[in-house]
Amino acid sequence: MVGVVACGSVSSIKALWETRIKRGREEEEKRRTSRTGTSSRLGVQVWEDRAVLARLKEKLQTEDGRLVLRIEQEEWKSLPGALVQFIQVQEWQIHRTGLLKIPHFISSFQNLLVLDLSRNAVTEIPKQIGKLTRLRELLLSYNRIRVVPEELSGCESLERLELAMNRDLHKLPDQLRNLKRLQHLDLSMNDFSSLPDCVVAMPGLEWLDMGGNRLQLLPDDIHRMEKLHTLWLQRNELEKLPENISRMASLDTLVLSSNKLRDIPSLMEDMTNLSRFVNFRDNPLTVEVSLPARRKAEDEEDEEDGEDDREMFGRDFMHLYIQEARKRSYAVLNMHCVNQIDE
């Protein structure tokens, strides 16, 4: 009886041992297969990264002494992390690629002077962009940006900012007033209902396009924009102009076509600096003005100069309108005085 038990025990132990050996072999096989698969995937990833780097390297050009990354009309909905291998690039020119976002590693490109991502599908500007203290131009027109981060104010060297045709963009953070070197700002074809306070406070601004928005009023302190020489306000909903617009000493170009203006401030008559271009076309002005015909020689001279201010409701129109409006006001005042005397 004891021998049977011993025999049975030996058989059980042997079976258990063989099972453990089998399991051990199976687990080792799994680990080996896993390592092989991981190595295979890593190999594929390395190959893909090298292929992307090679493709990106083909997009590098030297223009005017700058190293430029230029990608146009190719599908790049995202930019690979491998791009940081080229942090010496000074300019990005990436257009019509369907790019959805600016990568957070953009902050690695400390030599970047121009970031032009116009005509893509970018939806946001990352906060990391504020670390690009040498950036001079940020061009993001024709995208889908809704919010501008306050961190953009950290781009202390920025001279040109273009955000046209983002449609849903309707405000800017007040911190952007700290962009003291900004000279050129394009906010046209968006959804602004008022001129942002930070824009009025930008000390170096010279050129501003707010055309194609929903502006109804201009701020009374618009004259604070002392260096502004060009102001585009076409296709808005402006019904009147502030008197202080006449105090904009540097303004020489003013476009106000296709608004709802019913009058022109009389003080604008003294804006002798407003000499380059003025346009009041397509406004429901209350006074009808017909400019006298010019001599043929003068018309020919205008054609040679390539502009006709009279046709564009320009300077001559503005001055004559103010004069006629003043005459009408005097006539109304005299009539009122006569009526009072008769009474």
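Since the structure is predicted, the reported quantities are computational estimates derived from the model, not experimental observations. Heavy atoms only: backbone and side chains are in, while hydrogens, waters and symmetry mates are out.
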Treating [X] as the side-chain partner and [Y] as the backbone partner, does any N or O pair qualify as donor plus acceptor under 3.5 Å?
X: S157; Y: L135; value: no
X: N283; Y: N259; value: yes
X: S258; Y: R235; value: no
X: R315; Y: S275; value: yes
X: N190; Y: R167; value: yes

[X], [Y]: one ILVMFWY side-chain cluster at the under-4.5 Å cut-off?
X: L100; Y: W76; value: no
X: L60; Y: I106; value: yes
X: L267; Y: I264; value: no
X: L132; Y: V114; value: no
X: L185; Y: M189; value: no

In the structure I gave you, are the side-chain heavy atoms of [X] and [Y] within less than 4.5 Å of one another anywhere?
X: D209; Y: Q234; answer: yes
X: L99; Y: V122; answer: yes
X: W92; Y: L83; answer: yes
X: L69; Y: E91; answer: no
X: F192; Y: L169; answer: yes
X: L152; Y: L176; answer: yes
X: P80; Y: L56; answer: yes
X: P173; Y: V148; answer: yes

What's the spacing between [X] [atom1] and [Y] [atom2] if we round to 0.5 Å?
X: E159; Y: L205; atom1: CD; atom2: CG; value: 12.5 Å
X: L115; Y: R136; atom1: CG; atom2: CZ; value: 14.5 Å
X: E288; Y: Y321; atom1: CD; atom2: OH; value: 10.0 Å
X: I94; Y: K59; atom1: CD1; atom2: NZ; value: 11.0 Å
X: E162; Y: N143; atom1: CD; atom2: CG; value: 12.0 Å
X: L161; Y: L187; atom1: CG; atom2: CG; value: 7.0 Å

Answer yes or no: is there an ion pair linking [X] with [Y], defined by an N-O contact shorter than 4.0 Å?
X: E324; Y: K327; answer: yes
X: R55; Y: E74; answer: yes
X: E156; Y: R134; answer: no

Margin query: Quick one, Q183 with W207, criterion side-chain contact (heavy atoms from CB on, under 4.5 Å). Give me CA distance, side-chain angles, the key distance, then yes/no.
Written below: CA-CA 6 Å; Q183 301 174 11; W207 192 100; over 6 Å; no
For [X] and [Y], test the side chains for any donor-to-acceptor distance below 3.5 angstrom and give the result as yes or no.
X: H184; Y: E137; value: no
X: H95; Y: D116; value: yes
X: T97; Y: N120; value: yes
X: R214; Y: N236; value: no

Minimum heavy-atom distance between [X] and [Y], given as atom pair plus value:
X: G98; Y: A121; value: O-CB, 4.2 Å
X: G130; Y: T133; value: O-CG2, 4.5 Å
X: M248; Y: M271; value: O-CE, 4.2 Å
X: M210; Y: P196; value: CE-CD, 4.2 Å
X: P242; Y: P265; value: O-CG, 4.5 Å
X: F280; Y: M268; value: CZ-CE, 4.1 Å

Notebook entry, point to check: Can you check side-chain contact (heavy atoms from CB on, under 4.5 Å) on L256 and L241, steps first, answer last?
Noted result: CA-CA 10 Å; L256 287 157; L241 300 175; 3.7 Å; yes
Identify each donor-acceptor pair in which a side-chain atom of residues 215-232 lies under 3.5 Å from a protein atom, sequence neighbours left out, and give them as a table.
from : atom 1 : to   : atom 2 : distance (Å)
D221 : OD2    : R224 : NH1    : 3.1

Notebook entry, point to check: Should R70 and E63 be marked as a salt bridge (charged side-chain N to carboxylate O under 4.0 Å, His left out) after you check the CA-CA gap, both sets of side-chain angles, and the distance that decides it?
Noted result: CA-CA 11 Å; R70 186 179 298 280; E63 300 178 6; 2.9 Å; yes
Next item on the list: Using side chain to side chain contact (heavy atoms under 4.5 Å, CB included) as the criterion, point out the one residue from I71, L79, L139, I102 that pairs with L117.
Entry: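 Among the candidates, only I102 passes.
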Margin query: Surrounding CZ of R96 (heavy atoms of other residues, nucleotides or ligands, distance under 6.0 Å), is the total greater than 12?
Written below: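 Not buried by this count: 12 neighbours or fewer within 6.0 Å.
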Check: Do other residues, nucleotides or ligands put more than 12 heavy atoms under 6.0 Å from the CG atom of N273?
Finding: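 Count over threshold, so yes.
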Margin query: Please evaluate residues E239 and R262 with respect to the criterion side-chain contact (heavy atoms from CB on, under 4.5 Å), reporting the C-alpha separation (whole Å), side-chain torsions for both, the decisive distance (0.1 Å), and the verdict.
Written below: CA-CA 6 Å; E239 297 184 0; R262 299 187 61 80; 6.0 Å; no
Next item on the list: Walk me through it: do E269 and R326 pass the test salt bridge (charged side-chain N to carboxylate O under 4.0 Å, His left out)?
Entry: CA-CA 11 Å; E269 186 177 32; R326 185 179 291 119; 2.8 Å; yes
Notebook entry, point to check: Taking it one step at a time, do L140 and I145 satisfy side-chain contact (heavy atoms from CB on, under 4.5 Å)?
Noted result: CA-CA 8 Å; L140 293 169; I145 295 167; 3.8 Å; yes
Item checked: Geometric cation-pi criterion R281 and F313, 6.0 Å radius, 45° cone ->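 Judged by the rule (NZ or CZ under 6.0 Å from the ring centre, within 45° of its axis), R281 is not positioned above F313.
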